[in-house]
Amino acid sequence: MESAPENTIPYQVQLEDIFEGPMDLLIHLIKKNEVNIYDIPIALITRQYLGYIDWMKFMNIDFAGDFLVMASTLAQIKSRMLLPIHGPEEEDEDPRMEITRPLLEYLQIKDAAEALYRRNLLGETTFIRPSSKADYPMEPGDQMVKVGLFELIDAFKSILENLSEDQQIEFTPDRISVTDRISELVDLLEDKGSITFVELFSPKPDKSQIIITFLAVLEMVKLHLVRIVQHVQTGIIRLFYI
Amino acid sequence: MTDNIKNIIESLLFVSETPLTIDRIKSVISTEDTKGIRTVLEQLADEYESRGGGFYLGEVAGGFQIRTRPEYTEWIKRLIQPNPQRLSKAALETLAIIAYKQPVIRSDVEHVRGVDSGGVLRLLLERKFIRILGRKEIPGRPLIYATTKEFLQVFDLKDLKDLPTLKEIDAFGNPTAEDVIPPGPERTSPLVEETVEQEEAPEETNGKNP
């Protein structure tokens, strides 16, 4: 702890964007010290890691609890390295593998992420002809407003009113779940881009289908999957895939 | 006749807003000749290639699309203002995890990255690079994520199999040039040496037994 300031000052410049989490910090320390990832000098790395955390405290930087979890993992590995090895030999794995394995996986993903970024990105290095239509097909002068919950409920009611009497007490044993319905709607929206509220329902829907669909729509709005707008004049509600 | 078909397909490619699939072409020109269409598409791609013009025929997201050559990016960017919403490092990492390990739940992503990833997932959902497949039937019923067609389109991938193989990481944390050879652990620590020997021992006996 006493040596913390000396240990940590060199890292402060990169604080903002480099150390997004404990894994990034560990990778930085390993690269900086040029140590072998399969043979991490755990005492040295733990000391520098804790020094860094102390420095963050000292600078009053809010850091996530994830940093502390990693610190305790490091400390635990360090203490396990000190214990004599006994018991059946097959079970003795280098305790440091607990940290090496996730580090390798993370480095692999970081590399994959860079490789993705180096591809010919659409809209970045390669382009297609822009769609001739605007965001969605609209008559000039058409206007849309954001739809509120009550407009949705009204629309829901009018769908319910179309329900024929004889269907109202029917139980369908294999009802589709909200999740499945979301997936279906996403497929539909991916295909069409936008869809009117009425089109969501089959011409003669049964009650459970209506409810499930309605719940699915609400869930999708909550998840920011769709944007719902209503035409000012016609009152038609339309869902757009975001 | 073949020339005619070629012209028709080329005109379809020109107009289509999304990568044009062979199935779509088949239904438009009502034919079942998959092989013929593929041949025409290859011919067109070759023609564009030998002509060396401003665009090429790319195979992306299960279809074909006319795209501009990367060399001319700078000029295109002077003409139109693409929305420069570059993905952050965090978003790219998260996207890579989902792309390579899908279907995944949030905790899978956070396990690899070691940090909260909720915000990044939301951003990727908004950008339509990932979608929700459903909920996993485990406590908390977490959402299951997977990549979208949009992801394939933007990242210039034919399909998910087209993703480059993950590279092995060497002892100093750098990706190796070859992506298949697993790195041999540096045997400097007695502990590592022991585990390696134990791993090798059963293999030897297995080799002798049959």
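Because the structure is a prediction, the values reported are computed rather than measured. Below, chains carry the letters A, B, ... as their sequence lines are ordered, and counting in each starts from 1.
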Tell me which of these, [options], has more heavy-atom pairs under 4.5 Å with chain A than the rest.
options	result
B/R113, B/E71, B/R69	B/R113
B/E74, B/E110, B/K149, B/R122	B/R122
B/K101, B/E126, B/R131	B/R131

Query - Winner by heavy-atom pair count (cut-off under 4.5 Å) against chain B, out of A/E34, A/M97, A/E105 - result: A/E105
Query raised in the report: Highest number of heavy-atom pairs under 4.5 Å with chain B: which of A/L104, A/T126, A/V69, A/T179?
Result: A/T126
Heavy-atom contact with chain A under 4.5 Å, split by part of [X]:
X	value
B/Y100	side chain
B/L125	both
B/E93	both
B/I97	both

Query raised in the report: Parallel under 30°, tilted from 30 to 60°, perpendicular over 60°: which one fits the rings of A/F197 and A/F201?
Result: perpendicular
Query raised in the report: How are the rings of B/F129 and B/F151 set to each other: parallel, tilted or perpendicular (split at 30° and 60°)?
Result: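 Perpendicular: the ring planes of B/F129 and B/F151 meet at over 60°.
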Requested in this report: Go through the steps for A/E98 and A/T73 under the test side-chain hydrogen bond (donor to acceptor under 3.5 Å, both in side chains), then give the verdict.
Outcome: CA-CA 9 Å; A/E98 191 183 328; A/T73 308; 4.9 Å; no
Report task. Enumerate by number any residue of residues 134-142 of chain B whose heavy atoms lie under 4.5 Å from heavy atoms of chain A; in the absence of such residues, state 'none'. Result -> B/G134, B/R135, B/R141
Query raised in the report: Going by an N to O cut-off under 4.0 Å, is there a salt bridge joining B/R38 and B/E59?
Result: yes
Query raised in the report: Charged N to carboxylate O under 4.0 angstrom, A/R119 versus A/E124?
Result: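 Between A/E124 and A/R119 there is no salt bridge, as every charged N stays at least 4.0 Å from the carboxylate O atoms.
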Report task. List the atom of A/L121, the atom of A/L116, and the distance in Å for their closest heavy-atom pair. Result ->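 A/L121 and A/L116 have their closest heavy atoms at CD2-O, 3.6 Å.
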Query raised in the report: Is B/R106 close enough and on-axis enough to B/Y145, meaning under 6.0 Å and within 45°, for cation-pi?
Result: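 No, a cation-pi geometry is absent between B/R106 and B/Y145.
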Query - Contacting moiety of A/D111, where chain B heavy atoms sit under 4.5 Å - result: side chain
Query - Interchain contact, A/V35 with chain B, by part (heavy-atom threshold 4.5 Å) - result: backbone
Report task. Give a yes or no on whether the ring-centroid distance for B/Y72 and A/F127 is below 6.0 angstrom. Result -> no
Query raised in the report: Would a 4.5 Å heavy-atom cut-off, applied to side chains only, mark A/I228 and A/V217 as touching?
Result: yes
Requested in this report: Check whether any side-chain heavy atom of B/S16 lies under 4.5 Å from a side-chain heavy atom of B/F64, and answer yes or no.
Outcome: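 Not in contact.
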Query raised in the report: Considering residues, nucleotides and ligands other than B/K26, do more than 12 of their heavy atoms fall under 6.0 Å from its NZ?
Result: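 Counting other residues, nucleotides and ligands, NZ of B/K26 exceeds 12 neighbours.
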